[in-house]
Amino acid sequence: ADFKNPDVRPYLDKYVRGSDGITAVDRVKVMKALWDSIGSEFGGRHELYERNYSGNHENVKAELLFAAENRGIVSGMKGLAEQFMSEYDLDGWTVPDLIGNDDVSAYYRK
């Protein structure tokens, strides 16, 4: 809703934008996706497990990247992220196989 507000949108575009030409909308989409992946109970437990048992978090992430590069799966991972980012916009999901909160709550009102 904030991105659709003409009074707020200029501030978001100016102060929330990313580097290298990343728009504010795309940056927020990435931040929301990252939160969804680690902000849930499962993600939080997994992060805690890594922190306590796997060593320093920078090293863990580097090791995972190097392993993915060695297996040749990095481009597939990037493709999955790009597909995910392209399947929703400010109005919600743009593909028919995914539903938003409005659809779920309408389903349960029946």
Side-chain angles (χ1 to χ4, degrees):
D2 291 335
F3 279 104
K4 292 182 179 181
N5 182 327
D7 295 328
V8 176
R9 179 68 187 254
Y11 294 109
L12 294 173
D13 289 338
K14 182 175 183 178
Y15 296 113
V16 183
R17 66 182 168 77
S19 57
D20 293 328
I22 302 296
T23 67
V25 171
D26 286 341
R27 183 165 184 236
V28 168
K29 284 170 63 173
V30 168
M31 289 189 294
K32 287 177 78 172
L34 291 171
W35 175 254
D36 287 345
S37 67
I38 65 165
S40 69
E41 293 83 6
F42 174 76
R45 277 194 309 273
H46 188 72
E47 182 184 15
L48 187 60
Y49 174 81
E50 281 187 5
R51 188 178 301 162
N52 289 324
Y53 300 104
S54 297
N56 94 40
H57 63 278
E58 291 93 354
N59 212 24
V60 169
K61 284 158 185 57
E63 289 173 6
L64 291 172
L65 173 63
F66 299 147
E69 287 175 338
N70 286 337
R71 294 176 65 192
I73 59 175
V74 172
S75 63
M77 292 175 171
K78 287 181 180 179
L80 178 65
E82 290 168 359
Q83 177 185 351
F84 169 78
M85 295 292 287
S86 70
E87 290 183 346
Y88 75 97
D89 59 17
L90 293 178
D91 296 317
W93 295 107
T94 60
V95 291
D97 62 325
L98 298 173
I99 58 173
N101 291 340
D102 294 337
D103 299 332
V104 172
S105 46
Y107 173 80
Y108 285 108
R109 282 192 298 257
K110 293 180 181 180

* **Atom of Ala24, atom of Leu12 and distance for their closest heavy-atom approach** => CB-O, 3.3 Å
* Considering all heavy atoms, the nearest Tyr88-Lys29 contact -> O-NZ, 2.9 Å
To the nearest 0.5 Å, tell me how far [X] [atom1] sits from [Y] [atom2].
X     : Y     : atom1 : atom2 : result
Phe3  : Leu90 : CZ    : CG    : 6.5 Å
Lys32 : Met85 : NZ    : CE    : 10.5 Å
Asp2  : Arg9  : CG    : CZ    : 10.5 Å
Leu80 : Ile73 : CG    : CD1   : 11.0 Å

* Say whether Ile22 and Met31 are linked into one hydrophobic cluster, either directly or through other cluster members, by side-chain heavy-atom distances under 4.5 angstrom. => no
* Kindly work out whether a path of hydrophobic side-chain contacts (I/L/V/M/F/W/Y, heavy atoms less than 4.5 Å apart) joins Tyr15 to Val28. => no
* What do you reckon, is CG of Asp20 surrounded by more than 12 foreign heavy atoms closer than 6.0 Å? -> no
* Return yes when atom OH of Tyr11 has more than 12 non-hydrogen atoms of other residues, nucleotides or ligands closer than 6.0 Å, and no otherwise. => no
* Asked: Listed by chain and number, what are the side-chain contact (heavy atoms from CB on, under 4.5 Å) partners of Val74, not counting sequence neighbours?
  -> Leu65, Ala68, Glu69, Lys78
* Electrostatic pair Arg17-Asp13, nearest N-O below 4.0 angstrom -> no
